[in-house]
Amino acid sequence: MTTRQRGKKTVVVKADEIAPATAPPMTGLEPALTWFRERGWTPHDFQLRAWEAYLAGRDGLVNAPTGSGKTLAVWMGPLLESLAKPEADEGLKILWITPLRALAGDTLGSLKAAAEGISLGGRRVDWRIEMRTGDTASSTKKRQREKPPHALVTTPESTALLLTYPEIVRQLGSLRAVIVDEWHELLSTKRGVQLELCLSRLRTLAPGLRTWGLSATLGNLGQAMEVLVGPKAAATVGDESGPALVRQAVSRPIEIRTLVPRDIERFPWAGHLGIRLLPQVIEAMESAGTSLLFTNTRSQTEIWYQSIIRARPDLIGQIALHHGSLDRELRTWVENALRDGRVRGVVCTSSLDLGVDFAPVDQVIQIGSPKGIGRLLQRAGRSGHRPGAVSRLVCVPTNALELVEFAAAQDAVKLGAVEPRYPVRMALDVLVQHMVAVAIGTGEAGVSPEELLAEARATHAFAGMTDEAFAWCMDFACRGGPALTAYPQYARIVPVVTATGAVVPARFKIASDRLALVHRQSIGTILSDSSMTVRLGTGVGMGGGKVLGTIEEGFISRLTVGDTFSFAGRLVQLVKVREMTAWVQPAKRKSGRVPSWQGGRMPLSSLLATAIRRRLDDAEQGRFEGAEMEAVEPLLRVQMQWSHLPRTGVLLIEHTTTREGHHVFVYPMEGRLVHEGLAALVAYRIAAGSPRSFSLAAGDHGFNLATPDELHLDEPAWRRLLSTERLAEDLLLCLNAAQLARRQFREIARVAGLVVPGFPGAPKRTRHVQASSDLFFDVLSEFDAGNMLLAQSAREVLDRQLEVDRMREALERLATQRIEITRPERLTPFAFPLWADSLREQLSSEKWTDRVQRMLVRLETAAGGEAAGG
DNA sequence: GACCTGCTGCGGGATG
């Protein structure tokens, strides 16, 4: 469904077919219809269906794009119900949960406005609607505990905290519905698991509680709904009274175009910065009112911001930058400026993927690979936030192969395909935290293990939990397991003792007020990384200046006093480092280093990889459709001439010799994490036969093994190396799994309450938390090997850091594919980025740049000759 | 003289 519009492609996203509203609207909907009529609006079909389902007492999940009125789809139901039954208007009735503090205030406003505007026979909804997050004043929090509002907008963490106050828990019987906003953001995380447990607890406290969610499109929406409503309700999917999946049929149209380099001959084969297209990006910015420029890393935002203002000093003050390591005050300033239309552009990371909608944004510029279709759509949707407006997305390739990626991404968008997100299971650390929280919230009466187990099993995350695993968690909460029995701080829950001194062994409560306090303050599943505060000023006397943000210790430690670096869009000079603060002053020099942060590494999604393979299949057949493919055609032809194209049904392997040695390039196209694992696995399996040394490199398209001597590997040898047999065992052996697991254990130790963060106001140095969690890992490994949290950390390493399921699927797929082994004389366009990457580990950056440049010139010359000759 | 991939998110409470 593609139409041409002034040379740009307009992609109309086709949503799934849905049944039209069958019966005429229920009479109970009249106040909502009036509410819409008064505003000159017509309700969408999906809103009507959501209200009907709510009034029929069903759970549900609404899938609709932002700006479509999805908030009203789930908010009108409770309002209509209240108008119909005003007698039941006491106590906390609605809990609205949002993953972002920043969303709470805006949501509160919309909820209040709708509640104030709706009426039936002159009667209005007379509700107190409030919000509560970590930022809420403690006096307000106290008042909310004594007299809860009728509706509360809060976060998953604050919901968990609510459950620790006996006075609130006693009042929760009045709760009628929980609404979870942006459920897709929580689904595949431990925050989601924590919320599943809280929902299960709330269902015990308020039988008949309804659960509704709001979600962006996912590949597994049905599963997303089942996880949200819990296994019991999920079993009734398809029944008339079962949970309802309500989808908005029409999405906002997206207009996508790619900035195609004017001179593809001189466009880099490798790299991810993309600064080469700076002039075209500035041109694109000037053609629109306000732009968001998304980059994939924080350091990239700093570099792009500096580059833009260096090229166009007149834009100073009109553009800004935004990422997760900037101080919140600065970020809020930028967000407000964006909302008011005071800035022309903001260079940002995923920090602006979600959150408050900025009406003035009319174009999104994506620099580099989006890695997945979901992310691309999410970002595109940040623009055109006005009724009837179109989302406009400009794709900026940072290397030649990304042209193929952007062409493929548009194919996937046209098909309406989006990645799935899978829920987390058996995160025992989260369960332990929850058990202690529930024990606190039940006060002197305590809670029984049976109740806790039943509630855990009523979640998707712990539906399959064994009695043994649960007993282990109880034991851990009671005494920290066998190894920590001597330490009272790990005897967190204790049997209830009656007034006559009799022990009630079947019920448990928190051991002390002190432990309750410590627990409340460490609720949550997000681990903050070790970082230093960057502050303007000299650090002498009382002259404490503005906080700019945070930076990693590793970066600061490589600087000496007087060094210049750019941060938060300024050039600053390091004055001194004290405690966990780096004091800086404005620098006189015009350029400096750019900090880098160690963050998550997002691999290319399977969906996008599949779409790329299809485009390469086309190319193999000589079809190069669209501006992106036309531009990259000469390069793909070089790849075909020197070797082959990686494509569907074929595993391409290239053996190439350079002056660094012998290289093997393998292209499974499964994303960075899988390739890292595969590279290590293959190297390990080769070395098991004949010991030798390797240097490894992995990217999103493939991996590279380099050796001093040539590897003689035929097809049967490759089949053995890529076998799924003993996969997990071999991976754990070859990847220094103990070290990875120990790292992963930091999060688990924090979530399970083995290590506690410092008191607010007197934060413990993050390094101390790390040191103690490392210590625990060692102690438990030695003295409590059966500790289930250790096993969990090994599991998480396989799942999260290696994507072992995806790797297994990839290997199974490879087993059915033809293997094509080529021996190109030179590095091919696909090999070049991997070669450059592997070189980086061996050389200083200066030499690296030189070497890469020289090689590039040679290859381009060769490629030019081939193209001219062919 | 040098950055040249590596994101995001939350969180206490009593007293003056």
Side-chain angles (χ1 to χ4, degrees), chain A residues 98-104 132-142 145 154-161 164-165 182 185-186 189-192 194-195 268 270-276 294-304 306-307 322-325 348-355 367-369 371 375 378-379 398-399 433 513 516-529 555 558 563-567 589 591-603 672-673 699-700 750-751 756-761 763 833 836-837 840 844-846 848-849 852:
Chain A
T98 154
L100 249 70
R101 275 184 305 230
L103 272 174
R132 179 193 183 103
T133 69
D135 296 334
T136 305
S138 57
S139 54
T140 310
K141 286 182 185 164
K142 186 159 183 276
R145 289 208 304 276
T154 187
T155 61
E157 287 76 12
S158 287
T159 305
L161 279 161
T164 68
Y165 297 102
E182 312 275 9
E185 279 298 312
L186 297 166
T189 69
K190 286 188 183 179
R191 297 183 80 194
Q194 180 163 49
L195 188 52
H272 297 93
L273 196 50
I275 222 72
R276 184 84 59 111
F294 281 101
T295 68
N296 285 339
T297 72
R298 285 166 277 189
S299 60
Q300 228 176 338
T301 62
E302 301 275 352
I303 294 169
W304 267 89
Q306 291 291 346
S307 305
H322 193 281
H323 61 72
S325 291
C348 61
T349 59
S350 297
S351 55
L352 287 182
D353 266 358
L354 276 180
I367 296 167
S369 167
K371 308 284 183 181
R375 184 175 291 108
Q378 177 91 268
R379 291 182 173 177
T398 61
N399 61 57
Q433 186 186 106
D513 289 349
L517 182 66
V518 168
H519 188 81
R520 283 199 186 106
Q521 148 210 323
S522 60
I523 269 179
T525 58
I526 298 169
L527 188 76
S528 43
D529 43 28
F555 177 75
R558 290 196 301 273
D563 277 359
T564 303
F565 62 100
S566 69
F567 183 60
R589 299 166 74 170
S591 65
R593 295 197 203 192
V594 180
S596 63
W597 290 262
Q598 190 140 34
R601 296 173 308 159
M602 341 163 227
R672 173 79 178 235
L673 297 181
D700 272 326
R750 241 290 275 123
V751 174
V756 293
F759 227 62
D837 219 28
R840 182 170 299 141
S844 70
S845 351
E846 189 187 359
W848 181 83
T849 313
V852 169

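Chain identifiers are assigned alphabetically (A, B, ...) following the order of the sequence lines, protein sequences preceding nucleic acid strands; residue numbering begins at 1 within each chain.
- Nearer the 5' end of DNA chain B, as judged by each residue's closest nucleotide, is the contact made by Arg593(A), out of Arg593(A) and Ser299(A).
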Exercise. Would you please test Gln300(A) and His272(A) for side chain to side chain donor-acceptor pair (under 3.5 Å) and show each step?
Key: CA-CA 9 Å; Gln300(A) 228 176 338; His272(A) 297 93; over 6 Å; no

Practice problem: Check the pair Asp563(A) / Arg558(A) against salt bridge (charged side-chain N to carboxylate O under 4.0 Å, His left out), numbers first and verdict last. | Solution: CA-CA 10 Å; Asp563(A) 277 359; Arg558(A) 290 196 301 273; over 6 Å; no

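- The residue Ile303(A) sits close to a base: some heavy atom pair falls under 4.0 Å.
- The closest donor-acceptor contact from the side chain of Arg191(A) to the backbone of Pro99(A) lies under 3.5 Å.
- Residues that satisfy the side chain to side chain contact (heavy atoms under 4.5 Å, CB included) test with Arg276(A), not counting sequence neighbours, are Arg266(A), Phe267(A), Pro268(A).
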Output a table of nitrogen or oxygen pairs between the protein and nucleotides 8-11 of chain B separated by less than 3.5 Å.
from, atom 1, to, atom 2, distance (Å)
dT8(B), OP1, Gly324(A), N, 2.7
dT8(B), OP1, Thr349(A), OG1, 2.3
dT8(B), OP2, Arg298(A), NE, 3.2
dG9(B), OP1, Arg331(A), NH2, 2.8
dG9(B), OP2, Arg331(A), NH2, 3.4
dC10(B), OP1, Arg101(A), N, 3.0
dC10(B), OP1, Arg101(A), NE, 3.3
dC10(B), OP2, Arg101(A), NH2, 3.0
dC10(B), O3', Thr155(A), OG1, 3.4
dG11(B), OP1, Gly134(A), N, 3.0
dG11(B), OP1, Thr155(A), OG1, 2.8
dG11(B), OP1, Ser158(A), OG, 2.7
dG11(B), OP2, Arg101(A), NH1, 3.4
dG11(B), OP2, Gly134(A), N, 3.0

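- Residue Lys371(A) is in base contact, counting any heavy-atom pair closer than 4.0 Å across all strands shown.
- Rounded to whole Å, atom C1' of dG1(B) lies 16 Å from atom CD of Gln306(A).
- Taking atom CG on Asp513(A) and atom P on dA14(B), their separation rounds to 11 Å, with Å as the unit.
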Exercise. Check the pair Arg298(A) / Ser325(A) against side chain to side chain donor-acceptor pair (under 3.5 Å), numbers first and verdict last.
Key: CA-CA 8 Å; Arg298(A) 285 166 277 189; Ser325(A) 291; 2.9 Å; yes

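- Rounded to whole Å, the distance from CH2 on Trp597(A) to C1' on dC3(B) is 11 Å.
- Within the 4.0 angstrom heavy-atom criterion, no nucleotide atom of any strand lies near Arg276(A).
- Every residue was checked against the side-chain hydrogen bond (donor to acceptor under 3.5 Å, both in side chains) condition with Thr98(A), not counting sequence neighbours, and none meets it.
- Taking atom CG on Asp563(A) and atom P on dC3(B), their separation rounds to 11 Å, with Å as the unit.
- Across the protein-nucleic acid pair, Arg589(A) atom CZ and dG1(B) atom P stand 9 Å apart, rounded to whole Å.
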